[in-house]
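Contents: one structure, followed by commentary.
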Amino acid sequence: MTIIVFGSINIDLAAKTPRLPQPGETIIGSNFFTAGGGKGANQAVAAARLGTSTHIIGRVGNDKFAEELLTNLQSYGLNTDNVLIDQNTHSGVAIIAVDETGQNNIIVIPGANNNVGEADIERLKKLLTAATSLLLQLEIPLEVVQKAAKIAHQAGVRVILDPAPARADLPIELYPLIDIMTPNEVEASQLVGFRVNDTETAIVAAKQLQQRGVKNVIVKLGDRGAVAVTADETFFVPAFAVEAIDTVAAGDAFNGGLASALDAGLSLSEAVRWGAAAGALCTTKVGAQGAMCDRATFDNFLHNLT
C-alpha cells in the first residue's frame, strides 16, 4: 500500500535574518539558500523519509527549477511519475525569511501549482486502488482539492487535509469528505472565526469543525503539542523538547509522520505522537525537505524517550 500526496511543489528561496523585517524595513541577512519546497512536496518527502511508499501528484513549470525539483524529490525515494511539467508557466516559488529564533514568514507565488486540474485528477484516480491515505493542502486550486477529496472518499481512501495556507472560505461540501483535518492555531482560528490559542479553545474549534462533517480533527499547537478530537475521545499529545532553529516545515513533517503511522496500522493516538516527533525533529535543521528526518533517526529519537 502507499500514501498519495496531491499538492504543491515549490522551489524555496530562503534567507536567514537576525529578525523578521517590519513593513517598509530593509535589514541585512546572514545566509541564503535554495531548496525544494511546497507543502505537498514537503509532506511527501516527510513520509518517504520515514520509509513509507509515497507517490506525489502535482506540477512544476517550464524553467530551470523543474529538473532540480524532480531530481530532489526522487533522491528522497519519491515516485514522481505523476508530476507534470507545465509548459505554460514557471514552477511555484516560495520566498522565505527565517529569524534567529526559527520563526518565519513566507510569500508563495503558485506558478504551475495554480494549473493543477482535471488531467491531474485523472492520474489520481489510477493510483487510488493501492492507497491508504490521500494527503491534501490548499496551495493548489480549491475546487481541485475538493474533487480529489471526493474521489478518494468514494474509493474508501483516508483523506487527510492540512488547511494551509489559512482560509475561511472552505465549501461546506468539503468537510464531510475529510477523515482527518490538521490545522494549526492560525488556520483553526480562520476556519471557526474565533481565536484558537490553547488546548481549551482548540477543543472547541475541533468540535465545531466536526459539526460541519469532519470525522477527526487534530489542532497543532506548535511547541505546546497537539489536541485531537474524534467521535469517541479527546486527547492531548505534548510536544517533544528539542532545540528548534527553523520551524518552516514542522507542520508538513507532522502530517508526513501522522500518515506514515496510520499506513503502518498504528492507532490515531500513536500516529499523532509520530507526527509530533517528526515535526519536532524537523525544527532542529534549517530548511524544509532537507530537514525531514530519516527512519533510523526517528526510531532512535522515540526509543530514547521510552
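What you see is a predicted model; the values in this text were computed from it and never measured.
The side-chain contact (heavy atoms from CB on, under 4.5 Å) test with His90 singles out one residue from Asp63, Ile11, Val60, and that residue is Asp63. Under the side-chain contact (heavy atoms from CB on, under 4.5 Å) test applied with Ile151, the options Ile121, Leu134, Val159 reduce to a single match, Ile121.
Listed for the Asn216 side chain is a donor-acceptor partner under 3.5 Å among the backbone atoms of Asp179. Under the 3.5 Å distance criterion, the side-chain polar atoms of Arg59 are left unmatched by any main-chain donor or acceptor of Asp86. Within the 3.5 Å criterion, the main-chain N or O of Asn184 finds a donor-acceptor partner in the side chain of Glu187. Between the side chain of Ser267 and the backbone N or O of Glu270, at least one donor-acceptor pair lies under 3.5 Å. Proximity of a side-chain donor or acceptor of Ser260 to a complementary backbone N or O of Gly257 within less than 3.5 Å is not detected. With Ser91 contributing its side chain and Gly61 its backbone, the two residues share a donor-acceptor pair below 3.5 Å. One N or O on the side chain of Thr2 and one on the backbone of Ser53 form a donor-acceptor pair closer than 3.5 Å.
The minimum heavy-atom distance between Arg212 and Tyr175, with the atom names listed, is NH1-OH, 3.0 Å. Smallest separation of non-hydrogen atoms from Ala148 and Leu124: CB-CD2, 3.6 Å. Minimum heavy-atom separation, Leu135 to Ala259: CD1-CB, 3.6 Å. Annotation for Asn115 and Asp120: closest pair O-OD2, 4.1 Å, computed over non-hydrogen atoms. The two residues Leu84 and Arg123 make their nearest non-hydrogen contact at CB-NH2, 3.6 Å. Lys39 and Glu139 get closest at one heavy-atom pair: N-OE1, 2.9 Å.
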>> side chain to side chain contact (heavy atoms under 4.5 Å, CB included), that's the test. Do Phe254 and Val272 meet it? Break it down for me.
In response: CA-CA 8 Å; Phe254 182 101; Val272 175; 4.0 Å; yes
> Between Asn255 and Thr182, does a side chain to side chain donor-acceptor pair (under 3.5 Å) hold up when you go through it step by step?
Replying inline: CA-CA 8 Å; Asn255 275 44; Thr182 62; 3.0 Å; yes
> Do Lys215 and Thr230 pass the side chain to side chain contact (heavy atoms under 4.5 Å, CB included) test, and can you show the C-alpha distance, the side-chain angles, and the key distance before you say yes or no?
Replying inline: CA-CA 7 Å; Lys215 294 181 180 64; Thr230 77; over 6 Å; no
> Run the side chain to side chain donor-acceptor pair (under 3.5 Å) check on Asn10 and Ser8 step by step: do they pass?
Replying inline: CA-CA 6 Å; Asn10 290 333; Ser8 57; 4.7 Å; no
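Counted by atom type alone, Thr54 and Thr52 present zero donor-acceptor pairs between their side chains at under 3.5 Å. For the residue pair Thr297 / Asn300, no side-chain donor-acceptor distance below 3.5 Å is found, with atom types taken as modelled.
Using a 4.5 Å heavy-atom threshold, the side chains of Val45 and Leu73 count as touching. Counting heavy atoms from C-beta outward, Val219 and Leu221 have side chains that approach closer than 4.5 Å. By the 4.5 Å heavy-atom criterion applied to side chains, Cys293 and Leu50 are counted as neighbours. Inter-residue side-chain proximity for Lys125 and Glu122 is flagged as met; some heavy-atom pair is nearer than 4.5 Å. Taking 4.5 Å as the limit, every side-chain heavy atom of Glu243 sits out of range of all side-chain heavy atoms of Thr284. The closest side-chain heavy-atom distance from Asp223 to Thr283 is not below 4.5 Å. Side-chain atoms of Ile180 and Leu268, non-hydrogen and from C-beta on, do get closer than 4.5 Å to each other. Under the 4.5 Å side-chain criterion, counting only non-hydrogen atoms from C-beta, Arg273 is in contact with Phe240.
Atom CD1 of Ile245 is separated from atom CD of Glu100 by 12.0 Å, given to the nearest 0.5 angstrom. Distance check: Phe65 CZ to Leu13 CG gives 5.5 Å after rounding to the nearest 0.5 Å. If you take CG on Asp12 and CZ on Phe33, they are separated by 7.5 Å, rounding to the nearest 0.5 Å. To the nearest 0.5 Å, the span separating CZ on Arg49 from SG on Cys282 amounts to 11.0 Å. Considering CD1 of Ile3 and CG of Leu258, their distance stands at 9.0 Å, rounded to 0.5 Å. In this structure, His55 NE2 and Ile57 CD1 are separated by 9.0 Å, a value rounded to the nearest 0.5 Å.
Residues Ile172 and Leu136 are members of one and the same hydrophobic cluster, defined by side-chain heavy-atom contacts under 4.5 angstrom among Ile, Leu, Val, Met, Phe, Trp and Tyr.
Ionic pairing of Lys147 and Glu118 is present here: one or more N-O contacts between side-chain nitrogen and carboxylate oxygen are shorter than 4.0 angstrom.
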